[in-house]
There are 2 protein chains.
Amino acid sequence: MPEKVTIATVARHARVSRQTVSNVLNAPHIVRQETRQRVEDAINALGYRANQAARQMRTGRSRLIAARIEPTRDGINGSVLDRFLHGLTETADAAGYRVLLYTAPDDDREIATYGDLLGTYELDAFVLVGTKYGDPRTEWLADRDVPFVTFGRPWDALDAHPWVDVDGAAGTAQATRRLLDAGHRRIAFIGWPAGSGVGDDRRAGWHDTLLAADVDPTGLHRETEDGIAEGERLMRDLLVAAAPTAVVCASDSLALGALQAVRGTEPPVSVIGFDDTPVAAAVGLTSVSQPLGEAAARCVDLLTGVLDGNHESPPPVLLQPSLALRHTA
Amino acid sequence: MPEKVTIATVARHARVSRQTVSNVLNAPHIVRQETRQRVEDAINALGYRANQAARQMRTGRSRLIAARIEPTRDGINGSVLDRFLHGLTETADAAGYRVLLYTAPDDDREIATYGDLLGTYELDAFVLVGTKYGDPRTEWLADRDVPFVTFGRPWDALDAHPWVDVDGAAGTAQATRRLLDAGHRRIAFIGWPAGSGVGDDRRAGWHDTLLAADVDPTGLHRETEDGIAEGERLMRDLLVAAAPTAVVCASDSLALGALQAVRGTEPPVSVIGFDDTPVAAAVGLTSVSQPLGEAAARCVDLLTGVLDGNHESPPPVLLQPSLALRHTA
DNA sequence: TCCAGAAACTTGAACGATCCAATCCTGCCT
DNA sequence: AGGCAGGATTGGATCGTTCAAGTTTCTGGA
């Protein structure tokens, strides 16, 4: 069987010292071109790969990034995370990092997992998806100087940390504007209970756009937990109470429910959802689309910046969503 | 700042040698009860966690399992992988392993990634999702004695390896039987082109069930690539050519298309999909449901069996799907 | 009481890379 | 000839753990 290839094997093969091989790998510029070439040839010929465990032991860095995979809640919005994770894996890969998964049922257990991952695997950084007011997780990480990025802005601006987010208000504003342009005036909004950063933001986009167009939003707004059944219920309510001709929703789940409630109305009530999930594509629902691949890439950018010793805190990134037009609006 | 807690710190604190601490962790039975207790107390008091990199260096095992996250193809079926991954992470966690993600655009690049992951991270095992005839990946891994499991049976039984799968034929059979019980006789099937193991299997369940009930399946069968538009097209064709009263589909995407094609028919044509994706739940589509969490758990079981030196090849696992009843059948 | 043998524990070495400091070439410039 | 600098070598130490071999302590039986 083939003997294990270490840095010593390469050194022998290229007739240089271990140190020089190490230099070729970690500080190529201090090695003469000719020597470097010889070493690189040896590396390729032998199929050498630096042993990460040994490297990590000396340097204390694992080139591992942790991301949480959620317990498949709704299943519809789960696909957002799914797409984000894929993008993350791809970009991290290109930057020389790998993504490690973890799960946790609640914040406390999640924080306990941080400790575990940091202690046993010496993770380099965390990517948190979704943030809320007074998030204990970001606080814990920040207290310990653990590098991390959040996909989702910090809603209470106590302590700044690197983040990437998609401008939800701009998304609902875009949706609302499209409906206005199509001649609608009674445009409703179905969203989540006030107090969630994301939800408030998305509602504001709708609200402010109507005001800017001199349309009164009073009575055209409903709140509920996320879910298809909820969306349907509230839409029926709206139809009776406010007779809207169009509705913007805070999620595709809600929009899907709304869609069921307006089936058969004449003229058809326009519906726009949020997140552009596969479900939306399937049923032809117009929806606000988040640039998830881009978001993941920017997360990795921010992280590598911090990890490569860039001490000035990087500017946050706010990406613009687009409208995926289908036949419901 | 707090000094790093190593096995030596614990040893000093518990007044024993490093090796004894190591024994408490890896072979508790050879340490006297009293001593063990003292060491465990010290571990808890200091918050010690074994450094994985150092351990790996000595033992050559990383306690890392790799799984591939796919490039979000259809997006609908992507959620199957998503749920599987979540289950995998959870069960692996319980067994002391963690899941590392990777991506690859094609088989060749995927195999190259295997080499990289094995070389630099010394991964313990791979979990492959989906298998096909003559899969080069399983061959590569088997040739090198790399432990792996597949979620999906090996369709050409050349070389046996541990696998877990869901009995697709049983799923479509169950769906077909339900339709028969409901009085249907002209039950169609929309599936994938012959030659894919999974597709052939699912078709066989429908086909054999009809034969067993003395119903002639001739002319009631169509094949196509996966997709909503495709499903709709073929269903329209079937309606004209064969006048079915019900249809079983090889995927939810196809079923969703079929559903659009039969909208408005009287009496309504029953439709059953496959995979019980969120989309199916959303639109009320009856669908065959795979026990993905269970499948993931069994994958981990098989792997830990192999990794813990169990040399006899473990028996494959074939799980039974169930029918998620909704209002389309 | 003594000894064999097991049980319990301890001590050096090794895993593969990086870091560090001292040293040695070799060629170039003054 | 002497000084200098870039490039490469050398040897040793280090990271935290486990392995292999060694030493001490305990136990029971003659």
Side-chain angles (χ1 to χ4, degrees), chain A residues 2-40 42-43 46-64 96 116 118-124 309, chain B residues 2-40 42-43 46-64 96 118-124 308-309:
Chain A
E3 203 173 336
K4 194 178 273 184
V5 179
T6 83
I7 209 173
T9 322
V10 176
R12 218 176 312 130
H13 197 271
R15 328 268 226 87
V16 295
S17 65
R18 284 172 309 158
Q19 183 64 55
T20 301
V21 178
S22 176
N23 285 338
V24 169
L25 294 172
N26 303 303
H29 58 280
I30 68 165
V31 179
R32 193 168 21 136
Q33 161 69 29
E34 179 199 323
T35 317
R36 184 167 58 207
Q37 190 58 54
R38 212 166 70 237
V39 172
E40 278 165 356
I43 288 177
L46 296 168
Y48 165 80
R49 301 180 203 253
N51 181 314
Q52 177 53 33
R55 172 176 287 174
Q56 176 180 346
M57 230 173 135
R58 197 72 248 266
T59 62
R61 299 187 41 183
S62 60
R63 303 203 75 84
L64 245 36
D116 192 29
L118 288 170
T120 65
Y121 286 89
E122 297 182 288
L123 266 97
D124 286 348
Chain B
E3 203 174 337
K4 192 178 272 183
V5 179
T6 81
I7 213 172
T9 323
V10 176
R12 219 177 309 129
H13 197 272
R15 329 266 227 90
V16 294
S17 66
R18 285 167 308 157
Q19 184 60 46
T20 300
V21 178
S22 174
N23 285 337
V24 169
L25 294 171
N26 303 305
H29 57 280
I30 69 166
V31 179
R32 195 167 20 138
Q33 162 67 28
E34 181 199 322
T35 317
R36 185 167 56 204
Q37 191 59 53
R38 211 166 69 237
V39 172
E40 278 165 357
I43 288 177
L46 297 167
Y48 165 79
R49 302 181 202 251
N51 180 312
Q52 177 54 33
R55 172 175 286 177
Q56 175 180 345
M57 223 172 139
R58 201 67 251 254
T59 62
R61 299 187 43 183
S62 59
R63 303 203 75 84
L64 244 37
L118 288 169
T120 64
Y121 286 89
E122 297 183 289
L123 265 95
D124 285 348
D308 293 349

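Here is how names work: the chains are called A, B, and so on, in the same order as the sequence lines, proteins then strands, and each is numbered from 1.
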So what does [X] hit on the nucleic acid, given a heavy-atom distance under 4.0 Å: a base, only sugar-phosphate, or nothing?
| X | value |
| --- | --- |
| A/Arg15 | sugar-phosphate |
| A/Ala53 | nothing |
| A/Ser17 | base |
| B/Asn26 | sugar-phosphate |

Within a reach of under 6.0 Å around CZ of A/Arg15, are more than 12 heavy atoms found that belong to other residues, nucleotides or ligands?
no
Rounded to the nearest Å, what distance is computed from the [atom1] atom of residue [X] to the [atom2] atom of nucleotide [N]?
| X | N | atom1 | atom2 | answer |
| --- | --- | --- | --- | --- |
| B/Ile43 | D/dT17 | CD1 | C1' | 13 Å |
| B/Gln37 | C/dA8 | CD | P | 16 Å |
| B/Gln52 | D/dC15 | CD | P | 19 Å |
| B/Arg55 | D/dC15 | CZ | P | 19 Å |
| A/Ile7 | C/dT18 | CD1 | C1' | 8 Å |
| B/Met57 | C/dA13 | CE | P | 17 Å |
| B/Gln33 | C/dA7 | CD | C1' | 15 Å |
| B/Lys4 | D/dC15 | NZ | P | 9 Å |

Nearest listed nucleotide, side chain of [X], among [options]:
| X | options | value |
| --- | --- | --- |
| A/Thr20 | C/dA17, D/dA8, C/dC15 | D/dA8 |
| A/Arg18 | D/dA13, D/dC15, D/dT17 | D/dA13 |
| A/Arg58 | D/dA13, C/dA8, D/dT17 | D/dA13 |
| A/Val31 | D/dT17, C/dA17, D/dA8 | D/dA8 |
| A/Asn51 | D/dG16, D/dT18, C/dA17 | C/dA17 |
| A/Arg32 | C/dT18, D/dA8, C/dA17 | D/dA8 |
| B/Gln19 | C/dA17, D/dT9, C/dT11 | C/dT11 |

Shortest non-hydrogen contact from B/Leu123 to B/Ser62?
CA-OG, 3.5 Å
Short side-chain donor-acceptor distance under 3.5 Å, A/Arg36 and A/Gln33
yes
[X] side-chain N/O to [N] phosphate OP1/OP2 under 4.0 Å:
| X | N | answer |
| --- | --- | --- |
| A/Thr6 | C/dA17 | yes |
| B/Tyr48 | D/dT17 | yes |
| B/Thr35 | C/dC9 | yes |

Any donor-acceptor pair under 3.5 Å linking the side chain of A/Gln56 with the backbone of A/Tyr121?
yes
Any donor and acceptor pair, going by atom type alone, linking the side chain of B/Glu122 with main-chain N or O of A/Asn51 inside 3.5 Å?
no
CA sep, side-chain torsions, deciding dist, call: B/Arg49, A/Asp116, salt bridge (Lys or Arg N to Asp or Glu O under 4.0 Å):
CA-CA 8 Å; B/Arg49 302 181 202 251; A/Asp116 192 29; 3.5 Å; yes
